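For reference, the structure discussed in these notes is given below.
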Protein chains: 2
Amino acid sequence: MYYTVGEIAKKMEVNASTIRYYDKEGLLPFVKRSNGGIRMFKDQDMGMLNIIGCLKQTGMSIKDIKTFVNYYESGDDDFNKRMNIIENQEKLVQLQMENLQKNLNMLEYKKWYYTKAKQLGSLDNVEKLPKTDIPKMFHKFLTK
Amino acid sequence: MYYTVGEIAKKMEVNASTIRYYDKEGLLPFVKRSNGGIRMFKDQDMGMLNIIGCLKQTGMSIKDIKTFVNYYESGDDDFNKRMNIIENQEKLVQLQMENLQKNLNMLEYKKWYYTKAKQLGSLDNVEKLPKTDIPKMFHKFLTK
DNA sequence: ATACAACTTAAAGTTAACTTTAAGTCAAGA
DNA sequence: TCTTGACTTAAAGTTAACTTTAAGTTGTAT
């Protein structure tokens, strides 16, 4: 069972031209062609397409994804290189999540701030609140 | 107490030219100038700089941050607009985190996969494993 | 008063990751 | 066989968010 570039694009929820671009950049060396030159994706290719999508969604550049893909082409003999890339990416994702969590806390603070401003009638009145009236979790966001 | 563009850039861990670019794009209408034209940042400005940094780090475009900032300039009278932006951004951040978590799970699967390949001697041997030998949490990543 | 590091602007340059265009080819159905 | 929608490539275009450059100004320290 084979899939065309358009079918794969739909599955991956990207533009077909994006898939062609990835191919041109060397991310899809495993994709075979028909006699007429049409790309023929196999079910078996989905594993690689998914990991490529995963690396892309977690911020890896096309260039670095290419490096990763090329370790596959060079055979079965060294899992460590691929493993290192995966483990490093895992650490990067954890950092991204920690950073997002910090930013989420800041947004929570701003929400509290505006809610309080509505209650008290103005932003100035929130600024005048004693520190004891500000939830402890928000103290780190105070500028003065 | 005033800070120059360079001092603020250091605090925010960005290039000074980035701050100037943000100013040019209308993100910093609250920054006053000296008679000679030098930007003078106040401690009081840090709150806005921090929320700008937060919105930027969570993926908001310069254009949309500008919209948010402009609600401040238009005064104290409508917290709802700012609140809506903050709440919407919060939802976006939650989606980002959920997405990162899914990708982290995929990376975990790949790590398991390579570890297993090392144990069994080849990638093919991992492919041959019966489903019962694959942790349940990874079943969703199986392509066949 | 002079030096000099850091500031100023406008404009041009950079980068990554697509996206579009143009001109043509493939392959499945009527 | 013909039509037609989806495929092909190479090359040019787009976008956002900076970053650099050039030429000049400011302000602090000696």
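Please read all numbers here as calculations on a predicted model, not as lab measurements. We name chains A, B, ... by the order of the sequence lines, and we start the count at 1 in each one.
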> What nucleotide, of D/dC18, C/dC7, C/dA17, holds the atom closest to the side chain of B/K56?
Replying inline: D/dC18
>> Base, sugar-phosphate or nothing for B/R20? Non-hydrogen atoms, less than 4.0 Å.
In response: base
>> Is there a side-chain contact between A/I8 and A/L49 in this structure, where contact means two heavy atoms from C-beta onward sitting under 4.5 Å apart?
In response: yes
>> Does any part of the side chain of B/I85, heavy atoms only, come nearer than 4.5 Å to the side chain of B/Y71, both counted from C-beta?
In response: yes
> To the nearest angstrom, how far is B/K63 atom NZ from D/dA17 atom C1'?
Replying inline: 15 Å
>> Tell me the interatomic distance from A/Y3, atom OH, to D/dA6, atom P, rounded to whole angstroms.
In response: 19 Å
> Is there a side-chain polar atom (N or O) of A/R39 under 4.0 Å from OP1 or OP2 of C/dC26?
Replying inline: no
> Base, sugar-phosphate, or nothing: which does B/S17 touch, judged by heavy atoms less than 4.0 Å apart?
Replying inline: base
>> Rounding to an integer number of Å, can you tell me how far A/Y21 OH sits from C/dT21 P?
In response: 19 Å
> Separation of B/D64 atom CG from D/dT15 atom C1', in whole Å?
Replying inline: 15 Å
>> Using the side-chain heavy atoms of A/N15, tell me which of these nucleotides is nearest: C/dT20, C/dA11, C/dT8.
In response: C/dT20
>> Using heavy-atom distances to pick each residue's nearest nucleotide on DNA chain C, tell me which of B/G6 and B/K24 is more 5'.
In response: B/G6
> Rounded to the nearest Å, what distance is computed from the CD atom of residue A/E7 to the P atom of nucleotide C/dA27?
Replying inline: 14 Å
> Of all the nucleotides listed (D/dT8, C/dA27, C/dC7), which has the minimum atom distance to the side chain of A/S34?
Replying inline: C/dA27
> According to the interplanar angle, ranging from 0 to 90°, do the rings of A/Y72 and B/Y114 count as parallel (below 30°), tilted (30 to 60°) or perpendicular (above 60°)?
Replying inline: tilted
> Nearest-Å distance, CD (A/E25) to P (C/dT15)?
Replying inline: 15 Å
>> Students often get this wrong, so: under 4.0 angstrom with heavy atoms, is B/V5 touching a base, only sugar-phosphate, or nothing?
In response: sugar-phosphate
>> Nearest to the A/I62 side chain among D/dA17, C/dC18, C/dT8, which nucleotide is it?
In response: C/dC18
> Got a salt bridge between B/E25 and B/K66, using NZ or NE/NH1/NH2 to carboxylate O under 4.0 Å?
Replying inline: no
>> Tell me the interatomic distance from A/I38, atom CD1, to C/dA27, atom C1', rounded to whole angstroms.
In response: 8 Å
> Picking from C/dC18, D/dC7, D/dT19, which would you name as closest to the side chain of B/T18?
Replying inline: D/dT19
>> By nearest heavy atom, map A/Y22 and A/N35 onto DNA chain C; which one lands nearer the 5' end?
In response: A/Y22
> Between A/S61 and C/dA16, is there a side-chain N or O to OP1/OP2 distance below 4.0 Å?
Replying inline: no
>> Whole angstroms only, please: what is the OH-C1' distance between A/Y2 and C/dC26?
In response: 17 Å
> With a 4.0 Å cut-off, would you call A/D23 and A/R33 a salt bridge?
Replying inline: yes
> Which atom pair, heavy atoms only, marks the closest approach of B/Y22 to B/K56?
Replying inline: OH-CD, 2.7 Å
> A/R33 has a side chain; which of D/dT26, D/dT9, C/dT9 sits nearest to it?
Replying inline: D/dT9
